[in-house]
Structures are given as C-alpha cells and as structure tokens.
Asks: 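Below is one structure. I have some questions about it.
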Amino acid sequence: MALARALKNPSVYDAVQWVLGAGLINARLGRLMPELAPGALVLDVGGGTGLHASLRPRGSRYLCLDPDPAKLGGFLSRGPGLAVAGSGTDLPLGDASADLVVCKFVAHHLSDPQLDRLRAEVRRVLKPRGGFLFVEALATARPAGRLLWRFDAGSNPRQPEQLRAWLEAEFSVQRWERFAVVHEYVAALAR
C-alpha cells in the first residue's frame with residue numbers, strides 16, 4: 001500500500017501525526033508528566049521518531065526504543081538522545097534503572113501475551129518510585145477512528161476497561177484520562 005510506504009519516511013510520518021492531532025495529544029500528556037530529578041532516565045518504548053521535545057523533562061536522559069531503524073534515524077537527525085532498535089517485550093535496560101517509561105500507541109501492535117510481557121518488562125526496569133506514562137488509541141465506534149484503524153499497522157485495538165485492568169494488574173494507576181482528538185484515547189500515569 002502506498003500510504004504504508006510513505007509512512008516509512010520519518011518526515012512524512014511526523015507530518016501525518018501532527019495532522020492527526022499530535023499537538024493536542026502532547027498537550028494532554030504534558031499535564032500527566034511527573035516531576036523528575038535532573039539526570040533522570042526516560043525510556044520511550046516504541047518511540048518512533050522520538051517523544052516530542054516539549055514532553056521530555058528538562059535535564060533528563062532520553063532513550064528512544066523502536067524496532068524501526070528508519071524512524072530511529074529520523075529521531076537521531078533531530079536532536080540529542082540515544083536511539084536503540086529493539087522491542088518493548090525485551091527492554092535493553094537493567095533492573096530498576098528507569099525513572100520514567102513512556103509507552104505511546106504501542107499496545108495495539110501487540111498480542112495479549114506480548115502486551116503482558118511488555119508490562120512485566122516495564123515493571124522490571126522501573127525504579128521503585130518510577131512512573132509509567134501509558135497512552136493508547138481505543139477500539140471505539142467513532143467514524144474517524146474506525147477509518148484510521150483500517151490504515152494502522154496495529155491489529156489489536158482494545159477497550160478502555162481492558163487497558164485499565166491490564167495496567168492495574170501490576171501498577172497503581174494515579175491518573176486516568178479518556179479523551180478524543182481523531183481517535184478516542186486513554187492516557188494514564190501509573191506507579
């Protein structure tokens with residue numbers, strides 16, 4: 001499909017994300033972002049072309065993890081940070097080493113067993129007082145959202161109740177928001 005090929009280009013991917021409301025979504029996430037000490041390690045699982053610079057806590061160390069080398073190349077061309085090709089189901093960090101793990105729009109790309117593995121890996125790499133910022137598009141009846149799911153490479157959209165139960169199996173959910181831009185989304189800060 002021509003659209004899928006075009007989205008492999010990091011610049012095209014970023015432009016499409018902005019057209020679909022990335023700025024509004026990032027504003028929501030900014031309100032959920034926890035305070036972090038200088039030098040804190042932020043791991044962005046499925047980071048693609050990188051967490052928008054306005055969301056990166058000032059003075060933090062940022063690690064963008066994604067399986068797509070082209071997207072990581074797009075991230076590296078824009079600014080500071082470390083990029084690693086890899087999967088959220090096998091995080092390349094030691095136990096209790098991350099202050100914040102961000103997982104934005106990854107869950108629908110994972111099967112249920114993979115999603116459970118991601119949760120276990122996030123739990124493993126988070127420091128005891130670390131935060132988990134989780135954001136996901138929902139399987140909903142909104143016409144625009146249904147259209148977008150036809151073009152998305154992810155094949156496992158989930159309901160908000162499923163995602164909350166999944167989070168609460170290992171984490172304490174401190175903030176939970178459901179909102180709509182084009183898709184409907186949930187965003188959570190858990191510890």
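Computation of the quantities below employed the complete heavy-atom set of this structure, encompassing side-chain atoms and omitting hydrogens, waters and symmetry-equivalent molecules.
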Asks: Check whether Asp44 reaches the backbone of Cys64 with its side chain - one donor and one acceptor, N or O, closer than 3.5 Å.
Replies: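 Between the backbone of Cys64 and the side chain of Asp44 there is no qualifying donor-acceptor contact (under 3.5 Å).
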Asks: Any side-chain heavy-atom pair from Leu32 and Glu177 closer than 4.5 angstrom?
Replies: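 In short, these two side chains touch, coming nearer than 4.5 Å.
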Asks: Do you reckon Val42 sits in the same ILVMFWY cluster as Leu189, going by side-chain contacts under 4.5 Å, direct or chained?
Replies: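 Looking at the clustering, Leu189 is in a separate group from Val42.
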Asks: I need the minimum non-hydrogen distance between Ala107 and Leu163, along with the two atoms involved.
Replies: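 Scanning both residues completely, I find the closest heavy atoms to be CB-CD2, 4.4 Å.
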Asks: Of the non-hydrogen atoms in Ala96 and Pro128, which two are nearest, and what is the gap between them?
Replies: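 Looking at all heavy atoms of both residues, the closest pair is CB-CD, 4.4 Å.
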Asks: If you measure from the Lys or Arg side-chain nitrogens to the Asp or Glu carboxylate oxygens, is any gap between Asp112 and Arg158 under 4.0 Å?
Replies: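 Salt bridge flag = yes for Arg158 with Asp112.
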Asks: Under 4.0 Å between a Lys/Arg side-chain N and an Asp/Glu carboxylate O for Glu121 and Arg123?
Replies: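 So Glu121 does not pair with Arg123 through a salt bridge.
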Asks: How far apart are the closest heavy atoms of Val84 and Pro92, and which atoms are they?
Replies: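 For Val84 versus Pro92, the nearest heavy atoms are CG1-CG, 4.2 Å.
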Asks: May I ask you to say whether Lys127 pairs ionically with Asp99, meaning some side-chain N is under 4.0 Å from a carboxylate O?
Replies: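 Looking at Lys127 and Asp99, the cut-off is met.
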Asks: Shortest non-hydrogen contact from Gln159 to Ala139?
Replies: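 It is NE2-O, 2.8 Å.
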Asks: Please report the interatomic distance CG(Leu41) to OG(Ser60), rounded to the nearest 0.5 Å.
Replies: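 Going from the CG atom of Leu41 to the OG atom of Ser60 covers 8.5 Å.
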Asks: Can you name the nearest heavy-atom pair linking Thr89 to Arg117, along with the distance?
Replies: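 Result for this residue pair: O-NE, 3.0 Å.
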Asks: Does the cation-pi check pass for Arg191 over Phe171, that is, NZ or CZ under 6.0 Å from the six-membered ring centre and within 45° of its axis?
Replies: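 So Arg191 doesn't make the cation-pi contact.
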Asks: Transitively linked via ILVMFWY side-chain contacts under 4.5 Å: Leu29 with Phe75?
Replies: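 Per the 4.5 Å side-chain linkage, Leu29 and Phe75 are co-clustered.
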Asks: When rounded to the nearest 0.5 angstrom, what distance separates CG in Leu115 from CD in Gln162?
Replies: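 So the gap between those two atoms works out to 9.5 Å.
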Asks: Got more than 12 heavy atoms from elsewhere within 6.0 Å of CZ, Arg129?
Replies: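 Atom CZ in Arg129 is not packed in, count stays at 12 or less.
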Asks: Enter the distance from Arg31:CZ to Asn26:CG here, rounded to the nearest 0.5 Å.
Replies: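 If I round to the nearest 0.5 Å, the distance is 11.5 Å.
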Asks: What pair of heavy atoms forms the shortest contact from Cys103 to Phe132, and how long is it?
Replies: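 Heavy-atom minimum between the residues: CB-CE1, 3.6 Å.
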Asks: Does the side chain of Leu138 reach to within under 4.5 Å of the side chain of Pro157, using non-hydrogen atoms?
Replies: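 A side-chain contact under 4.5 Å is absent here.
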Asks: Please verify the inter-ring angle class for Phe105 with Tyr185; under 30° counts as parallel, over 60° as perpendicular, anything in between as tilted.
Replies: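 Judged by the thresholds at 30° and 60°, the geometry between Phe105 and Tyr185 is tilted.
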Asks: With no hydrogens and no angle check, is any side-chain donor or acceptor of Glu168 less than 3.5 Å from a backbone partner on Val173?
Replies: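 Answer holds: no.
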Asks: Heavy atoms, side chains only, cut-off 4.5 Å: are Asp116 and Leu110 in contact?
Replies: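 No; the side chains remain at least 4.5 Å from each other.
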Asks: Do Val102 and Val135 belong to the same hydrophobic cluster, where Ile, Leu, Val, Met, Phe, Trp and Tyr are linked whenever their side-chain heavy atoms lie under 4.5 Å apart, directly or via other members?
Replies: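 The answer is yes; both residues are in one hydrophobic cluster.
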Asks: So, Arg78 side chain and Thr49 main chain: donor-acceptor pair closer than 3.5 Å or not?
Replies: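 Looks like yes, one N/O pair under 3.5 Å.
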Asks: Do Leu82 and Val101 share a hydrophobic cluster, counting only Ile, Leu, Val, Met, Phe, Trp and Tyr and linking them when any side-chain heavy atoms are less than 4.5 Å apart?
Replies: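 Hydrophobic grouping puts Leu82 with Val101.
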Asks: Check whether any side-chain heavy atom of Arg58 sits under 4.5 Å from a side-chain heavy atom of Leu36, and report yes or no.
Replies: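 No, their side chains stay 4.5 Å or more apart.
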Asks: When rounded to the nearest 0.5 angstrom, what is the spacing between CG in Leu118 and OG in Ser87?
Replies: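 Answer for the CG-OG pair, Leu118 versus Ser87, is 8.0 Å.
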Asks: Could you give me the CA-CA distance, side-chain angles and deciding distance for Leu91 and Arg124, then say whether side-chain contact (heavy atoms from CB on, under 4.5 Å) is met?
Replies: CA-CA 9 Å; Leu91 297 176; Arg124 179 185 66 78; 4.0 Å; yes
Asks: Out of curiosity, Leu93 CG to Leu43 CG, how far, rounded to the nearest 0.5 Å?
Replies: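 The CG atom of Leu43 is 5.5 Å from CG of Leu93, to the nearest 0.5 Å.
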Asks: First locate atom NE2 of His109, then atom CG of Asn156, and finally report the distance between them rounded to the nearest 0.5 Å.
Replies: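 If I round to the nearest 0.5 Å, the distance is 9.5 Å.
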Asks: Please step through side-chain contact (heavy atoms from CB on, under 4.5 Å) for the pair Ile25 and Phe179, ending with a clear verdict.
Replies: CA-CA 9 Å; Ile25 294 165; Phe179 62 99; 4.1 Å; yes
Asks: Is the Lys NZ or Arg CZ of Arg164 less than 6.0 Å from the centre of Trp176's six-membered ring, within 45° of the axis?
Replies: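 Yes, Arg164 sits over the ring of Trp176.
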